[in-house]
Amino acid sequence: MDINRLTRLSEFAWRIEPVDGMRVPVIIYADEILLGEMDEKVREQAVNVTMLPGIVGACYAMPDAHWGYGFPIGGVAAFAPEQGGVVSAGGVGFDISCGVRTLHTGLKREQIDPLKKTLADALYATVPVGVGSRGHIRLDHAQMEEMLRGGAEWAVRQGYGRSEDLERIEERGRMAGAEPEAVSVHAKERQRPEMGTLGSGNHYLEIQEVGEIYDAAIAASFGLASGDVMVTIHCGSRGLGHQIGTDYLKRMQAAAVQHGIVLPDRELACAPIDSPVGRDYLGAMCAAINCALANRQIITHLTRRVFAEILPDARLDLLYDVSHNTCKVEEHLVHGRKRQVYVHRKGATRAFGPGHPDLPKAFRESGQPVLIGGSMGTASYILAGTASGETLSFASACHGAGRAMSRHQAVRTWGGREVVDELAARGIIVRSPSWRGVAEEAPGAYKDVHDVVIAADRAGLARLVAQVTPMACIKG
DNA sequence: ATGTCC
């Protein structure tokens, strides 16, 4: 990105003034190097978003931002319904409520190391992974409706997990406002065989070791110490969320025309929050959030079953579960006044700071855990929400490394077998049904996640707490 | 991300 087109606010913040149809500014959080590597498309897309009706504050880009469908991935934008604010399917993303949850095994590296291969094989055999992977659960119509309304709370009721898990999930495991009737029959049919499956692309299940600690007090309050072994699950709402995205994109294109909304880009299709299509989408999207929460809950249950057989002492207590593709109604300060706004976070993690009333007691002092997944074979990071994030980004932070190279380019550059061998030489076991998938996800195809989280920390979006490094990765 | 093109 051309740095000369931006006004520098600080070492880690850049601004584009609102001109030519922009209703609010764009603010990008990144250091000069990350900004230099960022695609011009991020600037163009963020500028386009500021032209949508009812946008408030600014359109924000996180340090891991890259080119997405309509909205940049790593983008945050909030809209006010009383100002004709809109909701956009492209502003949430196709993998609705894709997210990350991290579990504490309660074990140290030395206890896991001799059984790493056994665990990787057993997890790979138990958790369905890959394109079109199918699970063992088949929900009938009534169960599907209950799942879409109940989320992880429903999953726990079905025996997939523990009631104490729910405290450690955004929305306490159940997103209010879900309307299963706003979800097409086709979307539900696609989801029927896919409950409890990991999917493909950047989704994974990883065994990780806590490495460096950056904030000792918060790490201790999260129960993290160097050498501890964690399990992280990264996946979303599978076919259901994707189909909802497809269904509503079409309806929103018509709705935008009908409501006279001028779209700078067709991909920004949207509908007023207070309109039939807008309300239906929000109901369907909340149902997809519940689907993703239930999905991660079932995979957690499968993971615990595997550990119970191999390492019966493993606790696998849930640290936290975050979603990074959502639109949520939240109260935020807009020009110094508290207002209810619809915050789109696409490839951006909610990062509520200390004292936020929606956080469970365990995180009232520290701020919520912000889980940042790296690429396969690189570190992941655990951060904590800050008070400053509220005014900087509607309490949002980055979500991952962000691609530096297209999938196509990655496949031309590496072979899957080569990537697996290289990682094995570094002690990282990879199990995947797809060599191509592994090549697409080669660590070199991603930006350096370390630079991304440093930028997020220095910009004040979230506070660095701990680094975790991979031991074994089950890859879709 | 995705029954990687209805």
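Order of the sequence lines sets the chain letters (A, B, ...), proteins ahead of strands, with each chain counted from 1.
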Integer-rounded Å distance: [N] [atom2] and [X] [atom1]:
X        : N     : atom1 : atom2 : result
A/His203 : B/dT4 : NE2   : P     : 16 Å
A/Asp95  : B/dT2 : CG    : P     : 5 Å
A/Arg403 : B/dT4 : CZ    : P     : 18 Å
A/Asp247 : B/dC6 : CG    : P     : 13 Å
A/Lys475 : B/dT4 : NZ    : P     : 18 Å
A/Ile244 : B/dT2 : CD1   : P     : 14 Å
A/Leu198 : B/dT2 : CG    : P     : 9 Å
A/Tyr69  : B/dT4 : OH    : P     : 18 Å

Handout entry: side chain to side chain donor-acceptor pair (under 3.5 Å) partners of A/Lys116, counting only residues at least two apart
Key = none

Handout entry: N/O (side chain, A/Arg407) to phosphate O (OP1/OP2, B/dT4) under 4.0 Å
Key = no

Problem - A/Ser200 side-chain N/O to B/dT2 phosphate OP1/OP2 under 4.0 Å - result: yes

Exercise for the section: Indicate, with a heavy-atom threshold strictly under 4.0 Å, whether A/His324 touches base, sugar-phosphate, or nothing. Expected result: nothing

Practice task
For A/Ser237, report the nucleic acid contact type (base, sugar-phosphate, nothing); a contact means any heavy atom under 4.0 Å.
Solution key: nothing

Quick check for you: to the nearest 0.5 Å, what is the distance between [X] atom [atom1] and [Y] atom [atom2]?
X        : Y        : atom1 : atom2 : result
A/Tyr446 : A/Asp64  : OH    : CG    : 11.0 Å
A/Ile474 : A/His234 : CD1   : NE2   : 15.5 Å
A/Arg149 : A/Cys286 : CZ    : SG    : 12.0 Å

Fill in the blank from the handout: Between A/Glu441 and A/Ser434, whichever has its closest DNA chain B nucleotide further toward 5' is A/Glu441

